[in-house]
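What follows is a set of notes on a single structure, which appears directly below.
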There are 2 protein chains.
Amino acid sequence: MEGIGHDYEFLENMLAKKNLKVTPQRLQILALIGQFGHLDIDELYAKITKDYPYISLATIYKNISIMVENDILNEIKIAQEKTKYELSTNAHAHFICTNCKKIEDLNIDVNCILEGFDKGSVAYVNIQIYGTCNACQTKK
Amino acid sequence: MEGIGHDYEFLENMLAKKNLKVTPQRLQILALIGQFGHLDIDELYAKITKDYPYISLATIYKNISIMVENDILNEIKIAQEKTKYELSTNAHAHFICTNCKKIEDLNIDVNCILEGFDKGSVAYVNIQIYGTCNACQTKK
DNA sequence: CTTCATGCAAAAAATTTGCATTTTG
DNA sequence: CAAAATGCAAATTTTTTGCATGAAG
């Protein structure tokens with residue numbers, strides 16, 4: 001529930017359910033994103049090459065792309081920063097500290113926003129709160 | 001108030017207030033974004049070169065960047081699509097139709113989300129609702 | 001007349017593609 | 001085995017930079 005440390009069986013299932021082949025590269029990608037919560041392509045590449053030095057950047061791009069299409073990963077685009085990815089099983093609202101760049105997950109109830117919404121059918125709501133985190137504020 | 005057709009004096013003021021020089025290129029950029037609501041770099045370049053064929057893409061990049069830093073423009077990053085820009089005077093929540101890609105502005109009260117928020121001080125709240133718009137739904 | 005913006009070309013960064021080889025189901 | 005994934009190198013796309021020239025305050 002904290003998004004940390006899913007076992008491999010769980011990750012294999014995410015792939016199998018979508019008829020995607022289970023490869024060590026894919027499991028590694030999912031395991032790292034699961035462990036760290038949100039990673040961008042470069043962070044992922046840096047971490048993954050530590051355990052798996054021969055993975056290709058192209059493979060990471062291809063897999064991120066196919067997993068986003070299959071709703072296994074969720075793309076988080078952040079103003080002024082690189083796109084990050086999280087497991088869609090723990091899709092959250094996010095608080096982004098514009099000072100230290102830390103991202104915190106928020107459990108926000110979106111219903112108050114959707115009340116009376118009539119522009120169409122809703123698939124997904126993305127909420128990002130930008131500001132200065134408590135730690136950064138006390139430092140100043 | 002509808003973000004359409006600001007006069008040049010208004011746009012000049014946005015720049016002057018930030019001590020940015022008023023140039024025809026900058027006014028053109030702001031006028032087009034004001035008129036269309038949200039544009040990405042390529043859309044902007046395509047539109048701007050119609051009236052102003054010799055503007056350089058580098059100039060657009062430099063200006064977008066400096067205007068975002070100065071809070072004149074607001075960056076809207078959208079999953080699976082190119083980053084768009086709007087005048088920050090009409091920053092909105094957005095409904096994005098994943099079918100026809102249309103972006104609709106929403107006037108949403110964010111207070112219900114911020115109630116009890118205690119992770120830090122809030123500068124800006126970004127809300128994006130993804131789904132299928134009414135027009136696309138009836139077509140199917 | 002000083003500071004800043006523009007435009008060009010070149011460089012750098014980010015992403016995508018084709019294809020031979022290997023792995024998975 | 002057939003279908004799909006990998007890894008490499010090359011191609012493409014996107015964004016940034018340096019610098020000479022021109023415009024704004």
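The sequence lines fix the lettering, A, B, ..., with proteins before strands; numbering per chain opens at 1.
Between the CG atom of L57(A) and the P atom of dT16(C) there is a distance of 12 Å, given to the nearest Å. Between R26(B) atom CZ and dT6(C) atom P the separation is 5 Å, expressed in whole Å. Distance Q80(B) CD to dT15(C) P: 13 Å, rounded to the nearest Å. Residue M67(B) contributes atom CE, which lies 10 Å from atom P of dA5(C) at whole-angstrom precision. Spacing between atom CD1 of I55(A) and atom C1' of dC8(D) amounts to 13 Å, rounded to whole angstrom units. In this structure, L44(B) places its CG atom 12 Å from P of dT15(D), rounding to the nearest Å. Y54(A) places its OH atom 12 Å from the P atom of dG7(D), with the value rounded to the nearest Å. When the P atom of dA3(D) is taken as reference, atom CG of L20(A) falls 17 Å away, rounded to whole Å.
Phosphate proximity of dT15(D) to Y61(B): present, with a side-chain N or O under 4.0 Å from OP1 or OP2. In this structure, T23(B) reaches the dT6(C) phosphate: one of its side-chain N or O atoms is under 4.0 Å from OP1 or OP2. Contact check, N63(A) against dT6(D): a side-chain N or O comes under 4.0 Å of OP1 or OP2. Dashed line: the shortest gap from a side-chain N or O of Q25(A) to OP1 or OP2 of dG7(D) is under 4.0 Å.
The aromatic rings of H94(A) and H92(A) lie perpendicular to each other, with more than 60° between the two planes, well past the 30° mark.
Put simply, the side chain of Q80(B) never gets that close to the backbone of E69(A): no donor and acceptor are under 3.5 Å apart.
Ion pair K102(A)/E104(A) flagged as a salt bridge, since at least one NZ, NE, NH1 or NH2 atom sits closer than 4.0 Å to an Asp/Glu carboxylate oxygen.
No contact: I41(B) has no heavy atom under 4.0 Å from any strand. Using a 4.0 Å heavy-atom distance criterion, T59(B) is classed as a base contact.
SG distance check for C97(A) and C136(A): not under 2.5 Å.
Considering only side-chain atoms of K82(A), the nucleotide from dC8(D), dT6(D), dA14(C) that sits closest is dA14(C). Out of dT14(D), dA14(C), dC8(C), the shortest distance to the side chain of D42(A) is found at dA14(C).
With the nearest nucleotide of DNA chain D identified for both P24(B) and S56(A), S56(A) has the one nearer the 5' end.
Here the side chains of H38(A) and D105(A) are in contact, with some heavy-atom distance below 4.5 Å.
Counting distance only, with no hydrogens placed and no angle test, the side-chain atoms of K21(B) and the base atoms of dG22(D) include no donor-acceptor pair under 3.5 Å.
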